[in-house]
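Note that this is a predicted model, so its numbers are computed, not measured. First listed ligand is number 1; within each ligand, the first listed atom is number 1.
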Amino acid sequence: MNGIKNNVLIDLNGNGYTNGKCTNGTIYHQDDDIYTYDTLNQIAKFFLDRTKVRPKIGIICGSGLGAIAEMLEDVDKFPYSSIPNFPVSTVEGHAGQMLFGYLDNVPVMCMQGRFHYYEGYPLAKCSMPIRVMKLVGVTHLIATNAAGGLNPSYKVGDIVIVKDHINIMGFAGNNPLQGPNDTRFGPRFPPMNKAYDRKLIEYAMEIAEEMGMKDEVHEGVYTCLGGPNYETVAELKMLKILGVDAVGMSTVHEVITARHCDITAFAFSIITNKCVTEYESMEEANHDEVVDVGKRRQSILSVLVCKMVTKINDAAL
Ligand SMILES: O=P(O)(O)O[C@H]1O[C@H](CO)[C@@H](O)[C@H]1O
């Protein structure tokens with residue numbers, strides 16, 4: 001069970017949170033949404049004190065893509081509710097735990113579940129785990145997500161390597177870097193024209209070719225909307241004109257936060273549904289289908305992530 005009951009936020013484990021306090025009485029979360037350098041450092045230290053794994057690569061599992069985390073070996077698991085000052089996952093398909101372990105002998109940390117704006121968290125809070133990754137020692141981010149396919153050539157189940165994004169929420173003045181800038185993370189005005197590392201995109205395309213999946217893998221432009229509703233026909237028509245290929249409700253704020261603190265970013269989407277751009281269509285997007293398609297494709301995506309981790313480790317670290 002999860003959601004909100006009697007004004008209390010309930011996580012996937014049935015724990016309630018009110019006014020920053022877990023109702024089981026043992027775990028306390030800070031009352032405000034400001035994550036100072038010190039608070040983030042304390043969270044990083046919490047992990048480093050409890051695991052021997054020293055990751056250079058951070059992974060985020062998208063909706064229905066939790067199996068990526070299940071490939072880790074020699075794992076230390078931290079449910080989000082056990083981590084001081086950490087938000088909790090409230091969305092189906094996001095288990096809500098941080099894992100430290102090894103993928104093909106490469107040390108990684110992996111979020112099995114991410115935070116979305118529509119859950120009620122400000123963008124800076126949604127992406128604060130990226131800064132924790134940075135303080136733990138991560139240099140490379142692999143973010144995965146489920147997305148609607150707007151590019152008409154995409155099929156359900158295809159993979160889109162994100163080559164760029166359009167920060168639509170940013171157009172409306174909502175950005176994870178809003179507020180006072182702490183230069184220990186990065187500059188006030190970070191560039192974003194090379195947000196997605198070109199070399200990592202090339203690795204992913206090479207891997208897709210080796211795996212005989214070239215026809216199912218594309219390079220595309222992703223956008224994040226606030227959600228939680230899926231888009232209207234008119235909105236999708238507009239996004240198409242803007243050059244968007246895949247539509248979701250995540251990743252952009254994570255990548256902006258990663259680039260701000262100089263983490264190299266790579267992201268891919270699994271197309272879980274085709275965006276409905278005709279009023280006559282009988283199709284309607286729904287989250288069960290999103291999670292189902294994610295689950296059906298997660299084993300192949302897990303192999304892709306594993307191969308990416310090996311390539312990044314061999315080449316860059
Ligand atoms: O981006 P992820 O977390 O994979 O999830 C996607 O799937 C959900 C909608 O079905 C939204 O949360 C959207 O962002």
Side-chain angles (χ1 to χ4, degrees), residues 2-3 11-12 58-69 80 87-98 110-123 125-130 141-150 154 156-162 165-170 174 176 196 220-232 235-236 239 244-258 265-276 283-298 300-302 304-305:
N2 68 89
D11 75 10
L12 291 167
I59 300 167
I60 305 175
C61 302
S63 288
L65 302 176
I68 296 168
Y80 293 159
V88 290
S89 287
T90 65
V91 185
E92 211 51 59
H94 292 261
Q97 51 183 2
M98 185 75 82
C110 181
M111 291 179 70
Q112 201 178 27
R114 61 152 55 87
F115 308 114
H116 306 85
Y117 188 67
Y118 61 76
E119 292 177 76
Y121 301 127
L123 284 182
K125 189 166 185 170
C126 293
S127 58
M128 71 86 183
I130 307 296
L141 173 71
I142 301 178
T144 70
N145 64 59
L150 187 55
Y154 295 173
V156 169
D158 281 2
I159 293 165
V160 181
I161 310 294
V162 180
H165 69 226
I166 298 182
N167 181 14
I168 302 260
M169 295 172 76
N174 193 357
Y196 298 83
V221 174
Y222 175 90
T223 198
C224 166
L225 304 177
N229 60 280
Y230 296 105
E231 304 72 40
T232 66
E235 286 163 352
L236 289 168
L239 293 175
V244 172
D245 296 302
V247 185
M249 305 173 197
S250 70
T251 305
V252 167
H253 43 275
E254 297 158 353
V255 168
I256 290 173
T257 305
F266 171 78
F268 67 80
S269 306
I270 164 91
I271 299 300
T272 52
N273 54 290
K274 282 183 83 84
C275 291
V276 179
E283 305 277 315
E284 283 188 328
N286 76 82
H287 189 61
D288 288 344
E289 183 188 324
V290 167
V291 173
D292 273 1
V293 174
K295 284 189 175 156
R296 268 194 274 132
R297 296 291 281 165
Q298 61 185 352
I300 199 88
L301 295 175
S302 303
L304 177 63
V305 170

Once side-chain contact (heavy atoms from CB on, under 4.5 Å) is applied, do any residues pair with [X], and if so which ones, sequence neighbours excluded?
{"X": "Asp245", "answer": "Asn151, Tyr154, Val221"}
{"X": "Pro176", "answer": "Leu123, Ser127, His253, Ile256, Thr257"}
{"X": "Asp292", "answer": "none"}

Side chains of Arg114 and Ser89, donor plus acceptor under 3.5 Å: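 No, because no side-chain N or O of Arg114 sits under 3.5 Å from a partner of the opposite role on Ser89.
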Does the side chain of Asn286 pick up a donor-acceptor pair with the side chain of Tyr230 at under 3.5 Å?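 There is no such pair between these side chains.
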For Met169, does its backbone N or O pair with a side-chain atom of Tyr117 as donor and acceptor, under 3.5 Å?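 Pair absent, no side-chain N/O of Tyr117 close to backbone of Met169.
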Tell me which residues fall inside the under-4.0 Å heavy-atom shell around ligand 1.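 The answer is Gly62, Ser63, His94, Arg114, His116, Tyr118, Asn145, Ala146, Tyr230, Met249, Ser250, His287, Val290, counting any residue whose heavy atom sits under 4.0 Å from ligand 1.
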